[in-house]
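So you know, we letter chains A, B, ... as the sequences are listed, proteins then strands, and number each from 1. In this text the structure is predicted, and so the values were computed from the model without any measurement.
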Amino acid sequence: MSIMGDPGTTGRFGTFGGRFVPEPLMPACQELEQAFREAWSDPAFIEEYRGILRTFGGRPTPVTKCHRLSEHLGITLLLKREDLAHTGSHKLNNVIGQALLTKRMGKTKMIAETGAGQHGVASATAAALLGLECTVYMGEVDTQRQQLNVFRMELLGATVHAVTTGSRTLKDAVNEAMRTWVAEVEDTHYCLGSVMGPHPFPWMVREFQRVIGDEARQQLLDDEHGVPDFVVACVGGGSNAAGIFAGFVDTDASLIGVEAAGGAAVTTGSPGVLHGMRSQLIQDDQGQITEAHSISAGLDYPGIGPEHAHLDEIGRARYVSAGDEEVLEALQMLARLEGIIPALETAHGLAWIIREAGGEIPHGSTVLLNLSGRGDKDVAQVRAILRGEG
Amino acid sequence: MAAPDLTLSFAEHAAAGRKLLVPYVMAGAEPDWIDTIEALSLAGADAIEVGLPFSDPIIDGPTIQAAGIRSLEAGTTAVSALAELARRDIAVPLVVMTYYNVIAHLGHERFAGLAIDAGVSGAIVPDLSLEEIDGWARVCDDIGIATVLLVAPSTSPERTAHVCSRSRGFVYAVARMGVTGERSELGDEAAVVVEKIRHTTSPPVCVGIGVSTPDQARRVTEVADGVVVGSALVRRLSEGCGPDGAAAFIGELRAAIDA
Ligand SMILES: Cc1ncc(COP(=O)(O)O)c(C=O)c1O
C-alpha cells in the first residue's frame, strides 16, 4: 500500500486498523466498504458530493496568509479556512459523503456520536438536507457543557440522546451509538465523525476529508507558496489532520499532528483495541481505557485514528501535544492579530506553532495550519475561564 | 483434579440429548461471585460463562454494563479474577467472556496460561471477528482453550459456514440484533439463526442474548442444543439474590428445559 492509499479489504495501516466488531455488525461493515468502494469510483456520486460541498457547503475554502502573526513569529503562516465552511468546521465534508452513502445503501436513518457537538450539528445538517432521520448520541456531561449545540441539532430536526453510561462523555457516546447500530442496522447508517472505528471508516472518512489537502496543495501552488515546510493540524480522532496530510504526504513537508496534552494517545498511550480498531490508546496497566481531559471537548478522545498511529510508527508524521494554557493564549493571539477566533481544538495546532517558531520551526519557514473550525461555540467557555469562573 | 473440558463435555451431552444450560456471571461484581459459580455448578449448569470486566463493553446492555462497573470499582482485574478461580475446583467447564483489549494487553500467551491455570477451557471474545481471530485462536488451539464464535441474524449463510467451522466448544447463536439484556418477548429470529447453523457442520449450538425466562429457555432449546442466560441472572445477583437465589433460578431454568 502506498502511504495514505487504499488499505485493502483488511483495513490495515501497518499493524494498526482492522475490524474488531461483534459478529452482528460485520455484515454492515462489509456492506459499507463495498458501497463506498463503488461510490468512490462512480463519477456521478463524486460529482454529487462535490456539487453539494460547492453550492451548499461553501467550498473551496480559502487559504489566508497571516500578516501580523507571521511577522511576530518570524515565519510565513498560512491558514486553510475550514472555519468558513457551512456549520463552521471541516466536519461537513465527511457527513455529506456519508449521508449520500446512506441513501445509496437504501437506508433512511443516520446515527452519530458527538463530543463538543460539531459533528452532531454537521450530521443533523446533512440529514436535513437529504431528508434522513437523525439521532445524535452525546454524553450527558457534554450535553450540559454544550447546551446551545444541543438546541442547534434539535432546530435542525435531529433527536439528541443524552448518554448516561460510563464516563458520560465522547467515548461513551461512541459505545452507545455502536450498541444502537447493532439493533437498528437494517435501516440505519452509523455516521462516525472521525478517522476511527472499524474498517472502512478510517479510510473512508480520510477520503471524504482529503478535499482539504487537495485544495490547499493547489491553492499554495497558485499563490506561489509551493510546498510548505510544515503542515500542522490538531488531532482528536484525526480527521482534519488526515484530510490535510493527504494532500501533502507525497511531498517533503513535515506533517505535525497536535493532540491535547490530557489526551495524547500517541505520545502517552500504547497499542490496544477499542471501538473496532487497533490503534494507540490511553489505557491503564490492565487494558482499561481511561478518560481524556482537556479544555476542548472535541479532543477528549482516548484514542487516535489507526492511520495516524501508522504514520507515527513509520516516521512520516510526528505527533506532539499542547496544554490548556498555551491553547488559550494562542486563541487570543489569533483573534487580536488576525481577526479570527479559532475553535479551541484548532488552537492546539496554533499553540504548537507559536511555541516552536524559531525553535523546531526555523525562522523563515512556511507553515500551513488547518484552521479546522471557528470558535463561536467556545466563546462562553473561554469567557468563563478568562474571568476566572471556569 | 483436572478441570472439566468444554468441548468434550458438550459433545457428550449433546450426543446424549441433554440440553445445555450456560449461565453468565460477571467476575467480581459481588464479593461472593465465586460462591455463586460453585452454587450454579451444583444446581444444573452445564458450563458457566465468566465475564471479565472491560471499560467499554459495546455488545452489553445496561444490566451487564452496570455489573462490569461494579466489578472494576471493586478493583477486579483479569489477573485477580483468574487467580481467584484457580483457587476453586468447579465441577463444570468454565468459559471466559471478555473484550479483546483485556487479552491483548496481557498478551495472548500470558492470558491463555492464566486461564488454563484457572480451569478455563473456553473463551468468548465478541469483538474479535473471524477476520481478526487467527493469532489468538492459534494460541488457544495449542493450549486447549475452545474459541467460541458468534453467529448473528445478520450473518450470511456462506459466512455462517466459515464461522461454524472455526468455532470450538459450541457456536453462540445471537437470538436477536441488539445488545445483552432481558426481553419480555423473544421473536422468531433465534429459530432462524439456529436453522441457518443446522445447514452447516458445527459444534453444538447455544442461543444467547435476550433469553430471560424459563419459558423462553424451553422454547429456545426446542430448536437449539442449549441456552445462555446472562442479564436475567446478573440482575437477580445485583438485587442481592446471592448464591442460593442464583441456584434456585438456575434450577427453574433446568426444570423448564428438561421438561
Ligand atoms: C473544530 C474542530 N477541530 C477538530 C476536531 C477534532 O476532530 P478530528 O481530529 O477528527 O479533526 C473537532 C471535533 O469536534 C472540531 O470540532
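More than 12 heavy atoms of other residues, nucleotides or ligands sit less than 6.0 Å from atom CD of B/Glu239. By the neighbour-count criterion of 12 heavy atoms within 6.0 Å, atom CG of A/Asp187 is densely surrounded, having more than that number from other residues, nucleotides or ligands.
With respect to chain B, the highest number of heavy-atom pairs below 4.5 Å among A/Arg19, A/His275, A/Met178, A/Gln30 belongs to A/Arg19. Heavy-atom pairs under 4.5 Å with chain B were tallied for A/Asn175, A/Leu25, A/Thr9; the largest tally goes to A/Asn175.
Looking at A/Pro27, the atoms closer than 4.5 Å to chain B (heavy atoms on both sides) all sit in the side chain, from C-beta outward. Looking at B/Val151, the atoms closer than 4.5 Å to chain A (heavy atoms on both sides) all sit in the backbone: N, CA, C or O. With a threshold of 4.5 angstrom between heavy atoms, A/Glu176 approaches chain B through side-chain atoms but not through N, CA, C or O. Of the two parts of A/Val185, only the side chain, counted from C-beta on, holds a non-hydrogen atom closer than 4.5 Å to a non-hydrogen atom of chain B. Contact annotation for B/Tyr100: only side-chain heavy atoms (C-beta onward) come within less than 4.5 Å of a heavy atom of chain A. For A/Glu184, no part sits under 4.5 Å from any heavy atom of chain B, backbone or side chain. For A/Thr180, no part lies near chain B; criterion is any non-hydrogen pair under 4.5 Å. Residue contact with chain A, scored on non-hydrogen atoms closer than 4.5 Å, is absent for B/Pro62. Using a 4.5 Å cut-off between heavy atoms, B/Leu149 does not touch chain A at all.
Residues B/Pro57 and A/Arg179 have side chains in contact (heavy-atom distance under 4.5 Å, counting atoms from C-beta outward). Between A/Gln286 and B/His105, every side-chain heavy-atom pair lies at or beyond the 4.5 Å cut-off.
Between B/Glu132 and A/Arg278 there is no salt bridge, since no side-chain nitrogen of the basic residue lies less than 4.0 Å from a carboxylate oxygen of the acidic one.
With B/Asp127 contributing its side chain and A/Phe20 its backbone, the two residues share no donor-acceptor pair below 3.5 Å. Side chain of B/Arg176 to main chain of A/Ala183: no donor-acceptor pair is present (N/O by atom type, distance under 3.5 Å, no hydrogens or angles). The backbone N or O of A/Val21 sits nowhere less than 3.5 Å from a side-chain atom of B/Ser129 that would complete a donor-acceptor pair.
For the 3.5 Å distance criterion, the side chains of A/Glu23 and B/Thr155 qualify, holding a donor opposite an acceptor.
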